[in-house]
**Student:** 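Input: one structure, supplied below.
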Amino acid sequence: MLIFRHLIRRAFSTTSSTQTHLKNQSLQPKTFFNRVRGDRDPIVNRLCKDRRYTEAVRILCEQKRLKEAVEILDHHVKQSYSSLYTSLLLLCIQKRGLKEGSVVHRHMKGLEEEPGVFLCNRVVEMYAKCGSMELARKVFDEMRERDLCSWNVLVSGYAYAGMLDEARQVFDEMGDRDSFSWTAMISGYARSGRGVDALELFRLMQCVEGCRSNKFTVSSVISAAACCACLNSGKEIHGHIIRAGLDSDEVVWSSLSDLYGKCGSLEQARYIFNKALGKDVVSWTAMIDRYFGEGRREEGYQLFSNLMESRVKPNDFTFAGVLNACAGHAAEDIGKQVHGYMMRVGFDLSSFAASALVHMYSKCGNMTNAKRVLHETKWLDLVSWTSLINGYAQNGQPEEALQSFELLLETGIRPDHVTFVAVLSACTHAGLVDKGLEYFESIKEKYGLTYTGDHYACVLDMLARSGRFKEAEDIINKIPMKPNKFLWASVLGGCRIHGNIDLAARAAEALFEIEPENPATYITLANIYATAGKWGEVSNIRKIMQDRGLTKKPGMSWIKIKREVHVFLIGDTSHPMFKEICDYLGELSKKMREEGYVPDTKAVLHDVEEEQKEQNITYHSEKLAVAFGLIVTPPGTSLKIYKNLRTCVDCHSALKFISKISKRRLVVRDSNRFHCFEEGRCSCKDYW
DNA sequence: CTAGGGTTAG
């Protein structure tokens, strides 16, 4: 990628910058929750020794060390201090500390003097924001005196919790309403996807005299229009925004851009984005992610590059978005550059920018860096671990995957259902069926999790691949939900390997019902019949496909040489070097046969002569791409090839021979996973 | 004192 050239910096050239970032990061609850007393700063210790507890609490509050502050308050402070409560409650709200909040509340109640409305409002807000609307309501109901703010806090609390009907009830009950009340209600509807209700309420609001909408109101109502795809209402409000002069705020611009992105076009969204006077990092991030979301990767990367050149600093959300795009595109080169940039400008090591890094490296098959990042960040985060386990599983290192799972358990983090999907797939790739079944059992028995469709799909994939169809069918018959397409596709795949025609027919039948338009099912089933020599069935299926207008997705491979992408289709003759490539493949084929390669023509559907079949598979797109790469690069260079479909059995075997003969490392990323061919072996150990 | 936009894993 040329666009990042000026920013390239080796991501791992130094570890000292990592240390700096560790120091700079904010105190995140997850990372620093376990700070023990011995770690307390000396001033606080001194104050405690002198029994100046109130001051100690104040300092801890400033340092956002909620737990310790509340502990001291609870045990040592005997008097009431309104201002202390206010800051403690604020901190509880910030950190979602319900437990600490209720301790503070209890402390307040033990006092002679009754707390004022101001403080009570804070308590209601604290309970609401920390997730207990029951307690919030209880405090509200018991308040002797209430002001408008008390009501507003309750409404916004219910709205925030997604309890819109309750919110509306309180809203309708209250006597006076100001912009706060209306906005809280409107934004609640918008966030819960009830855009129409929000728009309706906004119309009502405009009829109320003396209750003007402000920037908060309009940004909420615009996001409401976006969520229900009401472009026309959105445009009307857009006009209102201009007329009322509310267009000087970056959040308003950002929601407008979102509106046009969601129900207009990316071009309109970009137009608004360009027009916005103030563009903060959120607007940038949203616009970049919008491009990636629509699959317009070049524009996404380009805009990210523009952002880096602007005065706005990308944040962890921005990094996570770009890195996840890189992961999806297997664009390790760009991902590395982004990583390098992050190291320079700094990022929060305990954010999902860090886990996005692990994810990116895992997806790109660079497990060394993935592991390194995970350990460097010291962010004991389940998502990162899951990415790592999955990465190992998909990159042919199932032992490392299971080892990582054991390490994860040692940290005390409880794995969730997604983690087990990764663990089971590792067992599948390693051929560890019995161990996999043990893990499968433990999901329910040991960890008390409910099986998801994916768990069943994984375990059936495992059993079907190893030909244990009896056990597979037992499980299929016991599944409480309707098996999904992934499950049946796995079963079908296993039947292909072991030639189980009966179960294959059942699986295919189910798949035809779920996704009749997917050609892959027809092709696989036809392959199974073809392998068994049942040509009548094969032509039947071909006829059905024709009738339904389905065609096989053409295989396509591409390879990047000197920043230029070369694309090959099956049997493609259009490449300028096609003749050289063919000659080279011919030579290669001779050497391969001497080494023991036998073309596997099972994958060829057509009922044609063997020789013709061999011809067909010789020109599979990945073979063309590899041959081209071998010709144009110097000896010893490793090649990276991308493919849109799964690798076929013959190509897989051929590539093993080619890696041995050419003494090259060949990395193939197919639609499912990475294959790393080296010295006649593949990292996937023939599971894919 | 209360309200707004973008937000990981398979």
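All values derive from a computational prediction rather than experimental measurement. Side chains are part of it too, since the values below use all heavy atoms of this structure and drop only hydrogens, waters and symmetry mates. Convention: sequence-line order gives letters A, B, ...; per-chain numbering from 1.
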**Student:** What's the closest nucleotide to the A/Asn315 side chain, out of B/dG10, B/dC1, B/dG6?
**Tutor:** B/dG6
**Student:** Which whole-number value in Å describes the distance from A/Lys215 NZ to B/dT2 P?
**Tutor:** 14 Å
**Student:** Rounded to whole Å, how long is the line connecting atom NZ of A/Lys313 with atom P of B/dG6?
**Tutor:** 22 Å
**Student:** Among B/dG5, B/dC1, B/dA9, which is the nearest nucleotide to the side chain of A/Ser283?
**Tutor:** B/dG5
**Student:** Reckon A/Asp454 touches a base, only the sugar-phosphate, or nothing at all at heavy-atom distances under 4.0 Å?
**Tutor:** base
**Student:** How many whole angstroms separate atom CG of A/Leu90 from atom C1' of B/dT2?
**Tutor:** 12 Å
**Student:** Answer yes when A/Glu62 and A/Arg58 have at least one side-chain N-carboxylate O distance shorter than 4.0 Å, and no when they do not.
**Tutor:** no
**Student:** Can you tell me if the side-chain N/O atoms of A/His359 get under 4.0 Å from OP1 or OP2 in B/dG10?
**Tutor:** yes
**Student:** From OH of A/Tyr160 over to P of B/dC1, roughly how many Å is that when rounded to an integer?
**Tutor:** 20 Å
**Student:** To the side chain of A/Asn152, which of B/dT2, B/dC1, B/dG10 is closest?
**Tutor:** B/dT2
**Student:** If you check every side-chain atom of A/Ser220, which of B/dG5, B/dG4, B/dA3 has the closest atom?
**Tutor:** B/dG4
**Student:** Is it the case that the side chains of A/Ser213 and A/His240 hold a donor-acceptor pair, with the cut-off being a distance below 3.5 Å and no angle test?
**Tutor:** yes
**Student:** What is the nucleic acid contact for A/Thr285, judged by heavy atoms within less than 4.0 Å: base, sugar-phosphate only, or nothing?
**Tutor:** base
**Student:** Quick one: do the A/Thr419 and A/Asp416 side chains pair a donor with an acceptor below 3.5 Å?
**Tutor:** yes
**Student:** As a test of understanding, state which of A/Asp454, A/Val459, A/Leu449 forms a side-chain contact (heavy atoms from CB on, under 4.5 Å) with A/Phe420.
**Tutor:** A/Leu449
**Student:** With A/Trp151 as reference, evaluate A/Phe171, A/Phe140, A/Phe180, A/Tyr158 under the ring pair (Phe, Tyr, Trp, His ring centres under 6.0 Å) test and give the passing residue.
**Tutor:** A/Phe140
**Student:** Any base atoms under 4.0 Å from A/Val252, or only sugar-phosphate, or nothing? Heavy atoms, all strands.
**Tutor:** base
**Student:** What nucleic acid atoms does A/Ser150 come within less than 4.0 Å of, heavy atoms only: base, sugar-phosphate, or nothing?
**Tutor:** nothing
**Student:** When rounded to the nearest 0.5 angstrom, what is the spacing between OG in A/Ser187 and CZ in A/Phe216?
**Tutor:** 11.0 Å
**Student:** Pick base, sugar-phosphate or nothing for A/Lys129, based on heavy-atom distances below 4.0 Å to the nucleic acid.
**Tutor:** sugar-phosphate
**Student:** Name the closest nucleotide to the A/Ser355 side chain, picking from B/dC1, B/dG5, B/dT8.
**Tutor:** B/dT8
**Student:** Looking at B/dA3, I'd like to know if its phosphate oxygens (OP1 or OP2) sit under 4.0 Å from a side-chain N or O belonging to A/Arg191.
**Tutor:** no
**Student:** Taking CG from A/Leu154 and P from B/dA3, how many angstroms apart are they, rounded to a whole number?
**Tutor:** 13 Å
**Student:** Can you tell me which nucleotide in B/dA3, B/dG4, B/dG10 comes closest to the side chain of A/Ser219?
**Tutor:** B/dG4
**Student:** Go through B/dT7, B/dG4, B/dA3 for me and flag the one nearest to the A/Phe317 side chain.
**Tutor:** B/dT7
**Student:** From the set B/dC1, B/dG5, B/dT7, return the single nucleotide nearest to any side-chain atom of A/Asp280.
**Tutor:** B/dG5
**Student:** Classify the side chain of A/Ser255 and the base of B/dG5 as holding, or not holding, a donor-acceptor pair under 3.5 Å.
**Tutor:** no
**Student:** Please tell me which of the listed nucleotides, B/dT2, B/dT7, B/dA9, lies nearest to the side chain of A/Val418?
**Tutor:** B/dA9
**Student:** CG of A/Asp147 versus C1' of B/dT2: gap in Å, rounded?
**Tutor:** 10 Å
**Student:** Is there, by distance only and without an angle test, a donor paired with an acceptor across the side chain of A/Asn214 and the base of B/dG4 below 3.5 Å?
**Tutor:** no
**Student:** Does A/His455 reach a base, just sugar-phosphate, or nothing at all? Heavy atoms under 4.0 Å.
**Tutor:** nothing
**Student:** A/Val282 side chain: which of B/dG6, B/dA9, B/dT2 is closest?
**Tutor:** B/dG6
